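Structure, as structure tokens:
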Amino acid sequence: MPALLLVYPKELPTKLSIELAPKHRKGLLLANPVMTASGTCGYGTEYSHLLDIQKLGAMVCKGTTLEPRDGNPQPRIAETACGILNSIGLQNIGVNALIRDKAPAWAGWQVPVIVNIAGETIADYAQLAGKLEGVAGISAIEVNIGCPNIKTGGAEFGTNPKSAADVTAAIKAATSLPVLVKLTPNTDDIARVARAVAGAGADAISLINTMKGMAIDTTRRRPLLGNITGGLSGPAIKPVALYMVYEVAGAIEIPIIGCGGIATAGDAIEFIMAGASAIQVGTASLTSPQAPIKVLEGIEKFMAREGIENIAELIGVARHPSSPL
Ligand SMILES: Cc1cc2nc3c(=O)[nH]c(=O)nc-3n(C[C@H](O)[C@H](O)[C@H](O)COP(=O)(O)O)c2cc1C
């Protein structure tokens, strides 16, 4: 597998800055590589008394669909030995309410807001991207093509390179914003899907979404979740996510955003060394809303301790046998 190195065209303003869309006309400059993961920080406002979101690199909001959705039947969360299963089913307020009620607040923020979108058809995705065009307060789109919790459409696109590329191309044609495509681990060849998506014009790739799983309620003798299956997240999926970032980093030349079980700075640094340019904190925020800030502070301490001048020096170092120890 060839060892690819990302080349950043511009000088970055600080040692923690990351450009997530280096090939895009507008770019997507982050003050640091720590982001929230979609669905675990609402619209960024709900946690404002617990988390100073402005200190992060970017905020990714809850998955947004054309129409509001009530989501799946309860129960929708089950704890597991080393993470959680969720089957929220993309409960959200819909794109029109997001533009009307949420974006105006974001327009005053310094932290870039990335809107996560999901649809049932390619036309849905293109329409969503079109609606977000020119809305103040929105810096980029993250495309969920791998939600395991909805029965039609979106969940399927990410499992197949051709459909993943088709949906990416349709969104790119509908928007001038940078487009991040979020991949699902529920596929047999993630590198092929990543290559297809990059070839269709994605500016960056986020991975991974949750892994399909289930739990049984032994008293009721029935599946525990109302939707029967759910998506596994948290520390249990970290080794899988890390492997997939490593694998995809060898297959594409656009930035990767690593996600899956990141709870500490040590976890984040592993993902960066595997090839991620930025990382997202998800499930860890549900029990510790300060987790993304703690991860950021820990990265800064690590860099100071190790004499790292610039975060970009760490990206993908574990992939290169000749990198200094
Ligand atoms: C409660 C919950 C809701 C989620 N909702 C979304 C969503 O709307 N869109 C999306 O792309 N991912 C969603 N995810 C997936 C996360 O963004 C993330 O990819 C996944 O949980 C793995 O990261 P983690 O282990 O740090 O949580 C959700 C995850 C959880 C736990």
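No experiment lies behind these values; they were computed from the predicted model shown. Counting starts at 1 for both ligands and their atoms, following the listed order.
Close contacts of ligand 1 with Gly63, meaning ligand atoms under 4.0 Å from a residue heavy atom, involve 7 (C), 8 (O). For ligand 1 and Gly39, the ligand atoms under 4.0 Å from any heavy atom of the residue are 1 (C), 2 (C), 3 (C), 4 (C), 5 (N), 6 (C). Each of the atoms 24 (P), 25 (O), 26 (O) of ligand 1 lies under 4.0 Å from some heavy atom of Gly261. Heavy-atom proximity to Leu90, at under 4.0 Å, picks out these atoms of ligand 1: 8 (O). Each of the atoms 20 (C), 21 (O) of ligand 1 lies under 4.0 Å from some heavy atom of Thr210. The Ala37 neighbourhood of ligand 1 comprises atoms 17 (O), with distances under 4.0 Å to a heavy atom of that residue. For ligand 1, the atoms lying closer than 4.0 Å to a non-hydrogen atom of Cys259 are 18 (C), 19 (O), 22 (C), 23 (O).
Inspection of the Asp166 and Ser163 side chains reveals no N or O donor paired with an N or O acceptor under 3.5 Å. A side-chain N or O of Ser17 and one of Thr14 form a donor-acceptor pair less than 3.5 Å apart.
Checked by distance only, ligand 1 and Ile77 stay at 3.5 Å or farther apart across all their nitrogen or oxygen atoms. The distance criterion of under 3.5 Å between nitrogen or oxygen atoms is not met by Gln280 with respect to ligand 1. At least one N or O atom of Gly282 sits closer than 3.5 Å to an N or O atom of ligand 1. The distance criterion of under 3.5 Å between nitrogen or oxygen atoms is not met by Ile237 with respect to ligand 1.
The minimum heavy-atom distance linking Leu177 with Ile138 is given by the pair CD2-O, 3.7 Å.
Annotation for Arg192: atom CZ does not count as buried by contact number, only 12 or fewer foreign heavy atoms lying within 6.0 Å. In Phe302, the CZ atom is crowded: over 12 heavy atoms of neighbouring residues, nucleotides or ligands sit closer than 6.0 Å. Around CZ of Arg221, the count of heavy atoms belonging to other residues, nucleotides or ligands within 6.0 Å does not exceed 12. Summarising the local packing, CG of Leu50 is surrounded by more than 12 heavy atoms from other residues, nucleotides or ligands at distances under 6.0 Å.
With Met211, Lys182, Glu142 as candidates, the residue nearest to atom 19 (O) of ligand 1 on a non-hydrogen basis is Lys182. Closest heavy-atom approach to atom 15 (C) of ligand 1 within the set Asp267, Thr64, Thr184, Asn209: this belongs to Asn209.
Checking side-chain atoms of Asp203 against main-chain N and O of Leu180 turns up no donor-acceptor pair under 3.5 Å.
Contact of the Ile88 side chain with the Ile77 side chain is registered, since non-hydrogen atoms from C-beta on lie closer than 4.5 Å.
With a 4.0 Å heavy-atom cut-off, ligand 1 is reached by the side chain of Asn116 but not by its N, CA, C or O. In Thr283, the parts holding a heavy atom less than 4.0 Å from any atom of ligand 1 are both the side chain and the backbone.
Using 4.0 Å as the threshold, Asn92 has no heavy atom nearer than that to any atom of ligand 1.
Residue Asp101 holds its CG atom at 10.5 Å from OG1 of Thr45, rounded to the nearest 0.5 Å.
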